[in-house]
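In what follows, a single structure is set out as structure tokens and then discussed.
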Amino acid sequence: ALRDVTSGNRARGIRYEPTRARPLQRLLTAAGIPARGTFVDIGCGKGRVLMVAALHGFANVTGVDYSPSLCDTARRNLDALRATRGLRFDAAIHAIDAVDYAFQPDDTVLFLFNPFDETVLRAVLENLRISLATHPRALWLVYHNPVWRSAIDESRLFDRVEDYSLGGCVFAVYRTR
């Protein structure tokens with residue numbers, strides 16, 4: 001239904017659905033994910049996950065979504081969070097296809113809420129592999145509704161930490177090897 005998406009991967013996207021904030025807040029604490037580096041949400045939509053990450057203590061958050069209109073909404077929501085809560089954090093929102101995102105050396109947490117199919121996920125993981133080879137680092141992956149978890153397992157980039165079921169939400173948590 002997003003008419004502003006021009007990506008060739010548009011048909012590979014999964015319908016937009018926001019992550020529930022409370023279960024994600026509980027997950028970040030329960031899994032012991034440190035609020036260091038940059039939290040990246042691939043398929044960020046309107047920015048709710050980025051807002052939760054900022055409230056968790058991340059000083060840097062990055063969102064990637066192929067819908068320019070959703071990215072504009074995410075920017076407005078993050079600005080409103082800063083204004084209402086007095087939080088200081090840097091936010092970068094990229095209106096690009098996930099396969100075109102170049103992972104940065106300070107990206108330490110990657111979040112996915114099943115935003116696209118296995119083909120796109122494999123391409124994103126290959127980009128991540130290149131980034132990790134160039135800039136080795138500890139990186140956490142949080143995969144909400146892990147439909148294509150076999151692609152992550154087969155990438156051999158991560159060890160599974162634990163699966164969490166919180167407030168009706170399922171999260172698979174991984175760390176780099």
Side-chain angles (χ1 to χ4, degrees), residues 1-25 27-28 31 33 37-56 58 60-78 81 89-104 107-131 139-153 155 157-158 163-164 166-174:
L2 296 170
R3 301 190 197 298
D4 63 338
V5 176
T6 59
S7 165
N9 285 320
R10 180 178 184 200
R12 297 185 174 284
I14 308 299
R15 72 179 173 86
Y16 173 75
E17 183 178 357
T19 296
R20 292 178 44 221
R22 281 211 162 93
L24 178 58
Q25 290 168 335
L27 170 81
L28 293 172
I33 296 175
T38 300
F39 185 104
V40 179
D41 181 6
I42 303 288
C44 70
K46 297 178 182 179
R48 180 181 290 172
V49 166
L50 299 173
M51 294 166 57
V52 171
L55 288 167
H56 185 69
F58 280 90
N60 297 291
V61 297
T62 296
V64 176
D65 203 292
Y66 64 7
S67 168
S69 61
L70 289 178
C71 288
D72 289 343
T73 301
R75 286 183 195 97
R76 286 192 303 275
N77 287 338
L78 291 164
L81 178 66
F89 60 91
D90 291 326
I93 306 295
H94 303 282
I96 59 173
D97 191 301
V99 300
D100 296 324
Y101 178 68
F103 289 96
Q104 301 301 302
D107 292 346
T108 56
V109 178
L110 175 59
F111 181 88
L112 303 165
F113 182 1
N114 193 39
F116 33 70
D117 71 9
E118 183 176 18
T119 300
V120 174
L121 178 56
R122 288 183 187 280
V124 168
L125 291 170
E126 188 54 34
N127 290 344
L128 186 56
R129 178 186 309 284
I130 292 166
S131 175
L139 188 136
W140 293 79
L141 171 65
V142 177
Y143 189 12
H144 182 193
N145 190 22
V147 173
W148 309 110
R149 74 180 329 146
S150 62
I152 294 169
D153 295 337
S155 77
L157 292 171
F158 298 95
D163 288 352
Y164 294 84
L166 300 165
C169 299
V170 176
F171 301 93
V173 178
Y174 298 83

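The structure presented is a predicted model; accordingly, all values stated were derived computationally and were not measured.
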Salt bridge check, Asp163 against Arg149: does any charged N sit closer than 4.0 Å to a carboxylate O?
yes
Knowing that exactly one of Leu125, Asp41, Leu141, Thr38 qualifies, which makes a side chain to side chain contact (heavy atoms under 4.5 Å, CB included) with Leu110?
Leu141
Restricting to salt bridge (charged side-chain N to carboxylate O under 4.0 Å, His left out), what partner residues turn up for Arg20, sequence neighbours left out?
none
Checking Tyr101 against Asp107: is there a side-chain donor and acceptor pair closer than 3.5 Å?
yes
Could I get the full list of salt bridge (charged side-chain N to carboxylate O under 4.0 Å, His left out) partners for Arg22, not counting sequence neighbours?
none
So do Phe171 and Pro23 actually touch side chain to side chain, heavy atoms under 4.5 Å?
yes
When the ring planes of Phe113 and His144 are compared, do they come out parallel, tilted or perpendicular, using 30° and 60° as the limits?
parallel
Between the main-chain N or O of Trp148 and the side-chain N or O of Tyr143, is there a donor-acceptor pair closer than 3.5 Å?
yes
Ile93 side, atom CD1; Leu78 side, atom CG - distance, nearest 0.5 Å
5.0 Å
Return the CG to CZ distance between Leu128 and Phe103, rounded to the nearest 0.5 Å.
5.0 Å
Using a 4.5 Å cut-off on heavy atoms from C-beta on, say whether the side chain of Pro146 contacts that of Val170.
yes
Backbone N or O of Ile152 within a donor-acceptor pair of the Arg122 side chain at under 3.5 Å?
no
Residues forming a salt bridge (charged side-chain N to carboxylate O under 4.0 Å, His left out) with Asp90, sequence neighbours excluded
none
Rounded to the nearest 0.5 Å, how far apart are SG of Cys44 and CZ of Arg75?
8.5 Å
To the nearest 0.5 Å, tell me how far Thr108 OG1 sits from Phe39 CZ.
9.0 Å
